[in-house]
Amino acid sequence: MTLPNENPTEGTHKNFIEVEIEKDFATKESLRGRSLMTRFPPEPNGYLHIGHAKSICLNFGLAQRYGGKCNLRFDDTNPTKEDQEYVDSIMRDVQWLGFQWDGLFYASDYFDQLYEWAVQLIREGHAYVCDLDAEAMRQYRGTLTEPGRNSPYRDRSVAENFDLFERMKRGEFPDGARTLRAKIDMASPNLNLRDPVMYRILHSHHHRTGDKWCIYAMYDWAHGESDSIEGITHSICTLEFENHRPLYDWFCKTLRIYHPRQMEFARLNLSYTVMSKRKLLQLVTEGHVSGWDDPRMPTISGLRRRGYTPESIRSFCETIGVARFNGTIDVLVLENAVREHLNQIANRYMAILDPIKVVLTNYPEGQTETLEAVNNPEDPSAGARQLPFSRTLFIEREDFMENPPSKYFRLKPGGEVRLRYAYIIRCDEVIKDASGKVVELRCSYDPETRSGSGAASERKVKGTIHWVSASTAACCEVRLYDRLFQSENPEEAAEGKTFLDNINPNSVTNIVAVVEPELARQSPGTRVQFERNGYFVVDEIDSLPDKPVFNRIVTLRDSWAKIASK
RNA sequence: UGGGGUGUGGUGUAAUUGGUAGCACGACAGAUUCUGACUCUGUUAGUUGGGGUUCGAGUCCCUACACCCCAACCA
């Protein structure tokens, strides 16, 4: 047993992978003297999303927990889809999530070794060059219920295979003309074992190896071998690769090389979200979102720009657990994870999203004062700030109702409400424009009720609302984000429709909010709470000095909305 | 109709390997509150069905059912 921590997961429940890892290290001869080695192996053909975060937290987390190591390895065996832009974004995202890889590798680092091993398989009669084109190969492969037939090229001599493979490598044949195949079993009930393709011809420029190669390894041929080279002890992947495990094992065994253990877990599905790279790419290229980092995207870069914290994403990954059952997590769990963290760290401010003017008729014209407001009740070290107060204010339009239901305890005609950190006011008069829209409330304030000013100020009223003093208010652009999709499972589209038809037409609303002066001075990346409203982040891209643009990260829980909707 | 997997409250995940079915999110009810937030309390609700073994089964056996994955020269 070379796991350094005696009981690394003591006190918590182990997931099945941890159970198996501990069992392996306790019993397997091949692991004697080794310590846990994992890897996160993305293909650089898109941006990472929250599903990858689960895998990242798993692989890096396991390494941390057991005192092992975790590599970042780019699975770059298909030059037609991969790009340096994706490599860069992936490295950034992994680090932003709070992880640091031990080794940084590329499958393309191993192309030479892979080629030598392919030669070995040919020499030993385990691989052959096949001239069947894609269509013919499909026919020879058989179906789920019928066995395949041997390729007519299956029994070429070793010498001929050598010659042909060498010429494939030299670029003598056009794309798709031939393949190198493993000679396994065309009758296997597992289709992955019906002489799988190891190399295809692709005259394509590779983002790292340039034009050196025109034959490229397939996933199955590259992945396990890369794991072996890096000494990966546990190669963790998603469930759909389970059927590939026999092939993974066959290659390692036939090559007689170090043999890692592949283990599969269920990928993450989130309600109201699409997770496939193809669909995310489509959202980007067709302009349904502004880019991979659009704050509505489930990409790591989208979540980052939306204002999610790495801590909250890690905590989310911890709570959802790891298992072999393919289910769907309610997106509320993710939202709950950010709220929980932001409640601890975000300073509170007052901002009015939809203002209505309030004039305090008995507050002397021209008078101002400052009031003290706590920055974060959850964190005393965050201190306090001074809030300017005056005769004319703005409050939230939805904090006033002319004919409210009984349970409504905000402002109403003749009713009282407390202005947070200020005074209790009474609504005396409602002023409307020609169309009947309320444009102004004329109120009187109770001078005895200034917050914190003694016994008289302790008077209780049902409601407390937020406000902003008009004379010192600033205006800021605010983007109110909502879910990108309006259906729980966006992939489920009606006949003739696609997931795109499930896009929420109101997933973003741009407004100009009236905010307290402090808020206009926040720097990009700062996360705040707009009291009684939600958590917001100063956008890192579109904000200008002293002109922040706010993205809504998530709303506050709103039990009034529930009551009101009944 | 081949093969490989998986079924625990609404959702996700545990159960010392045969011994009180727990936790989180949600929902509901209440307490508290100068954020209808936070916090706190309580309630709700589960082992896919049917047999069997056993003093005792989520766990072992048999059987049925449901769902997921596999027929790219993608990963």
Side-chain angles (χ1 to χ4, degrees), chain A residues 12-15 41-43 45 75-78 80-82 130 132-134 137-139 141-148 175-181 188-194 196-202 215-216 218-220 222-223 237-246 264 266 271 277-278 319-330 332-337 339-340 343-344 348 350 373-374 377-378 407-410 417-422 424 449 451-452 457-458 460-466 529-534 555-564:
Chain A
T12 68
H13 290 121
K14 293 186 185 84
N15 62 49
E43 181 189 10
N45 67 344
D75 221 333
D76 56 349
T77 55
N78 185 353
T80 64
K81 291 185 177 172
E82 294 149 9
C130 182
L132 256 24
D133 64 24
M137 198 181 293
R138 191 169 62 78
Q139 283 169 3
R141 186 158 34 232
T143 68
L144 292 178
T145 51
E146 305 155 30
D175 287 4
R178 294 179 218 263
T179 56
L180 183 74
R181 295 225 258 166
S188 171
N190 182 340
L191 302 244
N192 294 124
L193 263 22
R194 318 245 261 230
V197 172
M198 294 168 61
Y199 280 100
R200 75 284 214 188
I201 299 172
L202 239 35
I215 55 172
Y216 288 93
M218 299 288 291
Y219 167 85
D220 288 300
H223 200 92
C237 61
T238 46
L239 247 28
E240 64 270 26
F241 291 103
E242 195 160 15
N243 294 329
H244 294 243
R245 195 170 63 220
E264 310 84 16
S271 63
K277 274 195 193 174
R278 203 204 101 237
T319 42
I320 60 176
V322 181
R324 288 175 65 84
F325 176 71
N326 248 320
T328 301
I329 307 272
D330 194 325
L332 286 172
V333 179
L334 214 210
E335 294 172 353
N336 180 65
R339 282 200 192 95
E340 195 175 38
N343 179 47
Q344 300 303 315
R348 275 64 166 167
M350 297 208 275
V374 172
E378 305 289 328
K407 282 181 182 163
Y408 185 85
F409 40 84
R410 279 115 96 150
V417 76
R418 172 172 290 281
L419 296 179
R420 176 101 153 132
Y421 297 124
I424 292 174
T449 57
S451 293
S457 73
E458 300 294 302
K460 301 286 184 207
V461 286
K462 265 310 227 333
T464 298
I465 63 174
H466 59 284
Q529 182 192 107
F530 290 1
E531 290 222 21
R532 303 207 307 131
N533 208 309
T555 61
L556 251 32
R557 273 207 192 79
D558 187 354
S559 57
W560 165 245
K562 277 182 207 166
I563 298 168

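Just so we're on the same page: letters track the sequence lines, and every chain starts at 1.
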Original post:
So what does A:Met137 hit on the nucleic acid, given a heavy-atom distance under 4.0 Å: a base, only sugar-phosphate, or nothing?
Top reply: base
Original post:
Just checking A:Asp175: base, sugar-phosphate only, or nothing, at a heavy-atom cut-off of under 4.0 Å?
Top reply: nothing
**OP:** Whole angstrom is fine here: how far is it from CG in A:Leu144 over to P in B:U1?
**Re:** 12 Å
**OP:** Measure the spacing between CG of A:Asp133 and OG1 of A:Thr179 and express it to the nearest 0.5 Å.
**Re:** 10.0 Å
Original post:
Can you find a donor-acceptor pair, distance only, under 3.5 Å between A:Asn243 side chain and B:C69 base?
Top reply: yes
Subject >> B:U35: syn or anti, per glycosidic angle within 90° of 0 >> reply: anti
**OP:** Run the numbers on A:Arg420 and A:Arg532 for side-chain contact (heavy atoms from CB on, under 4.5 Å), then give the verdict.
**Re:** CA-CA 11 Å; A:Arg420 176 101 153 132; A:Arg532 303 207 307 131; over 6 Å; no
Original post:
So, A:Glu242 and A:Arg324, do they make that salt bridge, N to O below 4.0 Å?
Top reply: yes
Original post:
Taking CD from A:Glu378 and P from B:C40, how many angstroms apart are they, rounded to a whole number?
Top reply: 10 Å
Subject >> Touch class at under 4.0 angstrom, heavy-atom based, for A:Arg348 against every strand present >> reply: base
Original post:
Are A:Arg245 and B:C69 close enough that a side-chain N or O sits under 4.0 Å from OP1 or OP2?
Top reply: no
Original post:
OP1, OP2 of B:G26 versus side-chain N and O of A:Arg557: anything below 4.0 Å?
Top reply: yes
Subject >> Phosphate OP1/OP2 of B:C38 contacted by A:Arg339 side-chain N/O (<4.0 Å) >> reply: no
Original post:
Does a donor on one side chain and an acceptor on the other come within less than 3.5 Å for A:Arg245 and A:Asn192?
Top reply: no
**OP:** Pick base, sugar-phosphate or nothing for A:Phe409, based on heavy-atom distances below 4.0 Å to the nucleic acid.
**Re:** base
**OP:** Quickly work out the A:Ile320 CD1 to B:G26 P distance and round it to whole Å.
**Re:** 16 Å
**OP:** Identify whether any heavy atom of A:Leu556 sits under 4.0 Å from a base atom; if not, whether one sits that close to sugar-phosphate; answer base, sugar-phosphate or nothing.
**Re:** base
Original post:
What is the base-pairing partner of B:U32, counting Watson-Crick and G-U wobble geometry with both distances under 3.5 Å?
Top reply: none
Original post:
Glycosidic conformation of B:A72, syn or anti, with 90° from 0 as the boundary?
Top reply: syn
**OP:** Give the rounded distance in Å between these two atoms: CD of A:Glu335 and P of B:G26.
**Re:** 10 Å
**OP:** Spell out yes or no: do the side chain of A:His244 and the base of B:A75 have one donor N/O and one acceptor N/O closer than 3.5 Å?
**Re:** yes
**OP:** Report yes if a side-chain nitrogen or oxygen of A:Arg141 is closer than 4.0 Å to either non-bridging phosphate oxygen (OP1 or OP2) of B:C70; otherwise report no.
**Re:** no
**OP:** Tell me which of A:Asn190 and A:Arg410 sits closer to the 5' end of RNA chain B, going by the nucleotide each one is nearest to.
**Re:** A:Asn190
Original post:
With sugar-phosphate meaning primed atoms plus P, OP1 and OP2, does A:Leu180 contact a base, only sugar-phosphate, or nothing at under 4.0 Å between heavy atoms?
Top reply: nothing
**OP:** Report the residue (A:Thr145 or A:Thr328) whose heavy-atom-nearest nucleotide on RNA chain B is the more 5′ of the two.
**Re:** A:Thr145
Original post:
Taking only N and O in the side chain of A:Arg200, is any of them less than 4.0 Å away from OP1 or OP2 of B:A72?
Top reply: no
Subject >> Minimum-distance nucleotide (side-chain atoms of A:Lys81 versus B:C74, B:A27, B:G12) >> reply: B:C74
Original post:
B:U1 and B:G58: how far apart are their P atoms, nearest whole angstrom?
Top reply: 31 Å
Original post:
Roughly, in whole Å, what's the span from CG in A:Asn326 to P in B:C70?
Top reply: 11 Å
Original post:
Looking only at N and O atoms, is any donor in the side chain of A:Arg324 or the base of B:U6 less than 3.5 Å from an acceptor on the other one?
Top reply: no
Subject >> B:C34 phosphate, OP1 or OP2, under 4.0 Å from A:Lys460 side-chain N/O >> reply: yes
Subject >> Atom pair CD1/CG of A:Ile320 and A:Asp330 - distance to nearest 0.5 Å >> reply: 12.5 Å
Original post:
When all nucleic acid strands are considered with a 4.0 Å heavy-atom cut-off, which category describes A:Phe530: base, sugar-phosphate, or nothing?
Top reply: nothing
**OP:** For A:Asn192 and B:A71, give me the distance from atom CG to atom P, rounded to whole Å.
**Re:** 8 Å
